[in-house]
Visitor: 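Okay, handing you the structure first.
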Amino acid sequence: MDFTVLIVGLLIGVGIPIRNKVIKEYRKKRDSKLQKRKRKNNFN
């Protein structure tokens with residue numbers, strides 16, 4: 001049982017912040033690509 005508590009604690013304490021950071025970087029890249037497409041389409 002102690003091992004399970006340790007694993008769950010690590011997942012919550014480390015896994016979630018890492019996941020949030022990865023998602024934030026993905027969204028930033030996605031948004032910059034969308035803005036580039038919008039600018040490119042406006043000039044046509």
Side-chain angles (χ1 to χ4, degrees):
M1 181 168 163
D2 291 335
F3 188 66
T4 305
V5 172
L6 178 66
I7 290 175
V8 170
L10 286 173
L11 284 173
I12 291 172
V14 178
I16 292 175
I18 289 174
R19 184 197 64 161
N20 290 343
K21 184 178 178 182
V22 169
I23 290 173
K24 191 182 292 184
E25 290 175 6
Y26 167 76
R27 287 180 180 161
K28 192 183 293 185
K29 287 180 184 177
R30 183 189 66 187
D31 291 342
S32 67
K33 285 182 182 179
L34 288 175
Q35 287 179 355
K36 286 180 183 178
R37 282 188 193 156
K38 284 181 181 179
R39 285 188 218 140
K40 186 178 178 182
N41 289 336
N42 287 339
F43 288 120
N44 289 339

Visitor: Among Ile, Leu, Val, Met, Phe, Trp and Tyr joined by side-chain contacts under 4.5 Å, find the other residues sharing a cluster with Ile7 and list them by chain and number.
Guide: Phe3, Leu11
Visitor: Are Arg19 and Ile16 close enough that some pair of their side-chain heavy atoms sits under 4.5 Å apart?
Guide: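 Heavy-atom side-chain distance check passes, below 4.5 Å.
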Visitor: Just distance, no hydrogens or angles: give the donor-acceptor pairs under 3.5 Å from side chains in residues 27-34, sequence neighbours left out.
Guide:
residue	atom	partner	partner atom	Å
Ser32	OG	Lys28	O	3.4
Ser32	OG	Lys29	O	2.8

